[in-house]
Amino acid sequence: MRLLKIFPAVFLTVACCGQPDVPAYLDENRPLDERVEDALSRMTREEKVAILHAQSKFSSPGVPRLGIPELWTTDGPHGIRPEVFWDEWDQAGWTNDSCTAFPALTCLAASWDRELSALYGKSIGEEARYREKDVLLGPGVNIYRTPYNGRNFEYMGEDPYLAGEMCVPYIQEVQKNGVATCLKHYCLNNQECNRHIADVSLDDRALYEIYLPAFKKGVQEGGSWSVMAAYNLYKGQHLCHNQYLLDDVLKGEWGFDGAVVSDWGGAHDSDQAAAYGLDLEFGTWTDGLASKGKSYDSYHLAQPLLERIKEGKVTDAQLDAKAARVLKLIFRTAMKSGKPFGSLNSPEHLEAARKIGAEGIVLLKNDPAASGVKVFPVELDQVKKILVVGENALKMMTVGGGSSSLKVQHEVSPMEGLLAAVGDRAEVVYERGYVGDPSGSYNGVTSGQDLSESRSEDQLIDDAVRAAADADVVLFFGGLNKSGGQDCEGCDRNNYSLPYEQDRLIEALVAANPRTAVCLVSGNAVAMPWVDAVPAILQCWYCGSQAGNSIADVIFGKVNPSGKLPFTFPVQISDSPAHNLGVYTCGAKVDYKEGIYVGYRWFEHKDIKPLFAFGHGLSYTEFEYSDFVCDRKLCQNGSLHLALKVTNTGDREGKEVVQIYVGEENPVLERPEKELKAFAKVSLAPGESKTVKFEIPASELAYFNPDSHSWVLDPDHEFKVYFAAASDDVRGSPPFTPS
Ligand code: BGC
C-alpha cells in the first residue's frame, strides 16, 4: 500500500526529463487548484465518493488507479497513537510503534511560550512523519468552560486569545513535515457528558468572542489543512454536518480551504452529510468490511451519497467540492514529494518533552513553612530524608484517558525522576498513602505496573503519617488520573473534589509535618480545602514520557518555574459560571447562559475570588514591573503601542510571563472588565531588566456586535490597559499619554 506513495515522484522525474504528457495532477510545480481540477477530470464518480470516507479505522483509500495514495490519520494530540487493527480500536501489537509522549496541551498552554509550541509541533510532526502518518488529529482548542469536562487536559485553557496564539506555532511546525494537523473539535464540544446528543445553545457574542477565535486563528494564521468537526449539535444539527458552522462560518466567513473531517462516528444523517460541510467521514460505526449494512460502503458519504446523486438529489458539483478538498489534503501530505523522513523517540524529542513539561509546571503557592523556610526549591544540601507519598508518584499516565492514550518505551514517573535527581545526596522513601486506580490499560496497551495494595485506607494514612514525622520534607503526589470520570474522554467528572480520600490524607500529612508540599498531577482544577494549611503547591499536569524529570527539574530548582495557569481554579464548583447558573447539564440541551463570561471574565464580573486565578504562577525569583508606556501618539493606525520594563529583582535566573489585559471604558454593549490581548515570556538573569514592547492591532480590540453580525469598535472608544503578572495581579494601569 505504502509503495503507491512513490509513484507520483516517479512520474515527476519523467516529466523533468521532457515527457510532455505527464498528468497535471502529478506536477507539484502547478497550483494546487489546477492539480485538483485535473485529478477530478480523470476520476469516476465512484472514485470521488470513495475518497470521502474511511476504508479502515484511521485511513481513507486514495485512488489506486491514478496512483493517488491512501491518507493515514492518527491521534494526537500528545503523541502518535499506537497502530491499531484495520477495523478495531485495539492496538495491533506492533513492536515498533512506541512514541515520545509530549506533555498534555494544558501544560503546553501553561508555558505561555510560543517557541515551545513550535518545538512541540516540530517534534510531534517528526514522529508522525516517521510513522508515515499524513494527518495528526490535533491540536484541540475547545474552551475550558467547566472543571467537570473530562477532556480539558487535551485543550489549551479558558481564554480564546491564549489558546489561539498557542495553537498556531504547533500547527505550522507539524505541517512543515508534510503532515496535516486536524484542529479539533470544531466546536462547542466543551463537555464529554452526552457529547453525541448535547445540543448547545448560546448567544452569538459568546460564540464569536469565546468559542470560535482559537479555531479561526488555527485556520487562518496556523493554516491548518484540516479541521475535525465535533460530536455535539448546534441549532439542532450535528457539528459534522452543521450548515451554519461548517459552510457559513468555517468555509465561508473564514475562507478555510482544507478538508472537514468528521469526529469518529460523528456523522449521523446521509442527507445532511451530503448537503453540508463534511468532506471526509470516519468512524461511523462499522465492524469492517463484512457485515451487511455496517460496511464502509454504508457510510453516509459512501453508497447513500452515490444513490442521492443518481436520484438527482445531490449534484456532481457538490460531490466535486468535497472531493476537491480531500484531494487537496492528499496532495499537501501523502502525495507531497521531498518530505523530511522524520524521527521517532530521538534524544531531541525526549529533551523537548522534558523542557516543555518543566516550563509548563505551575508553582501555585510557595509560602514559608513553619520553619520559616520555603519548601521549594528543595535544597539537597539541607535535607537528609525526603518522604514521597501518593499513587501518582508512581502511576503511568500516558496510558488511558481515551483516544489520546499512548504507548511509550518508557515513562519517567515522578518517583523515578526524583530518585535520579537526588542520587545519593539524600534518602528518599515512599509511602502509598491512598489507592486510586491500580489498573492501567487502554485498548490493549498495558502499563505493566503492579500497583496492587492490600492495606486499608486508614492503615495507608497511618503509615504515611508515621513516615512523615521524621522526614525533612514531604512531597505528596496526588490529583486525578486518566480513569473514567476523571481526566478522561467519554464522560465528565461528577464532582470537584480530589478522589480517593486524598483531602483527608493531605490534612493528616501536613499536621504531622508542616513541611509538606502538594504536587498535583491533573489536567483540571480541583478543590483544595487544605489550601491554607499546606505551604507549597505545584501543578504538574500530565507531562508525558519525561514527566518525572520535568517535575524533578522544578522541585530541585534546576529549572525555575515559569508556568502560569491557562484556566481559573474556583474555590468551589458553584463559583464556576456554568455551575453557578445551574446550566452545566448532562441533558440533550445545554444552554451556555453565562454567555461571554467564561473563566476569569466571570470571576471578575461577579467579583468572586478564585482559589488561583487565570495567569497565576510563581517563580523562585521576583519580578518588578515599571516604566509603563501607553502612547497615544503611536496609535495612529488604531493599534495600541505599549511598553514596560521588567526587572528580575531576585538572585536566580528566571522567566516571567507578562500579560496585557485590555478593557473598554463605558462600552456601548457590556464587555468584560478586562480581556487578555497580548503576552510575552521574558528570560532575565538576576538583576537584569528588559523593555518589552507590544503592539495590539485594533482588530483584537473589537467586540462582536450580534445585530450587525460584525466586529466593531465603538466610536470614541477608550481603553484601559492592565500590565499584569496574572489576571488578578495587575502591576500597572497607567492612563494613555495625551496625543
Ligand atoms: C475523539 C477524537 C479522536 C478520534 C479518533 C474520537 O473519539 O473524539 O478526538 O481523534 O476519536 O480516535
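Just so you know, ligand 1 is whichever comes first in the structure, and atom 1 is the first atom listed for that ligand.
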Under a 4.0 angstrom heavy-atom cut-off, which atoms of ligand 1 come close to [X]?
X      : value
Arg81  : 12 (O)
Lys184 : 2 (C), 3 (C), 9 (O), 10 (O)
Ser403 : 1 (C), 2 (C), 3 (C), 9 (O), 12 (O)
Leu137 : 10 (O)

Nearest 0.5 Å, what's the CG-CD distance between Leu480 and Gln486?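 Result: 5.0 Å between the selected atoms.
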
NE2/His300 to CG/Leu52 distance, rounded to the nearest 0.5 angstrom?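 Going from NE2 on His300 over to CG on Leu52, the span is 13.5 Å.
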
Backbone or side-chain N or O of Trp89 under 3.5 Å from ligand 1 N or O: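 Between Trp89 and ligand 1, no N or O pair is found under 3.5 Å apart.
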
Short N/O distance, under 3.5 Å, between Trp264 and ligand 1?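 In fact, backbone or side chain, Trp264 has no N or O that close.
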
Between His78 and Tyr542, does the ring centre distance come in under 6.0 Å?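 No.
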
What's the verdict on salt bridge (charged side-chain N to carboxylate O under 4.0 Å, His left out) for Asp279 and Lys328, showing C-alpha distance, side-chain angles and the deciding distance? CA-CA 11 Å; Asp279 301 311; Lys328 218 179 253 186; over 6 Å; no

Which atom pair, heavy atoms only, marks the closest approach of Arg131 to Pro82?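 Of all heavy-atom pairs spanning Arg131 and Pro82, the closest is NH2-C, 3.9 Å.
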
Quick one: closest heavy-atom pair of Tyr161 and Asp159, and the distance?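 In this case the closest contact between Tyr161 and Asp159 is N-OD2, 2.9 Å.
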
For atom 10 (O) of ligand 1, what is the nearest protein heavy atom, given as residue, atom name and distance?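 Going atom by atom, the protein heavy atom closest to atom 10 (O) of ligand 1 ends up being Asp75 OD1, 2.5 Å.
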
To which protein heavy atom is atom 6 (C) of ligand 1 closest, and what is the distance rounded to 0.1 Å?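 Residue, atom and distance for the closest contact: Asp263 OD1, 3.0 Å.
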
Residue that, paired with Lys57, satisfies side chain to side chain contact (heavy atoms under 4.5 Å, CB included) out of Trp86, Trp89, Phe282: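 So, applying the side chain to side chain contact (heavy atoms under 4.5 Å, CB included) to Lys57 and each of Trp86, Trp89, Phe282, only Trp89 qualifies.
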
Compute the minimum heavy-atom distance from Phe282 to ligand 1 and say whether it is under 4.0 Å.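 The answer is no: ligand 1 sits nowhere under 4.0 Å from a heavy atom of Phe282.
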
Does ligand 1 have any atom that is closer than 4.0 Å to a heavy atom of Glu154?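 Under 4.0 Å: no for Glu154.
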
Residue part near ligand 1, for Arg195, under 4.0 Å between non-hydrogen atoms: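 It is the side chain that gets close, since no backbone atom is under 4.0 Å.
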
In plain terms, say whether Lys184 and Asp263 are close enough for a salt bridge, that is, a side-chain N and a carboxylate O under 4.0 Å apart.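 Not counted as a salt bridge, because no side-chain N and carboxylate O are separated by less than 4.0 Å.
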
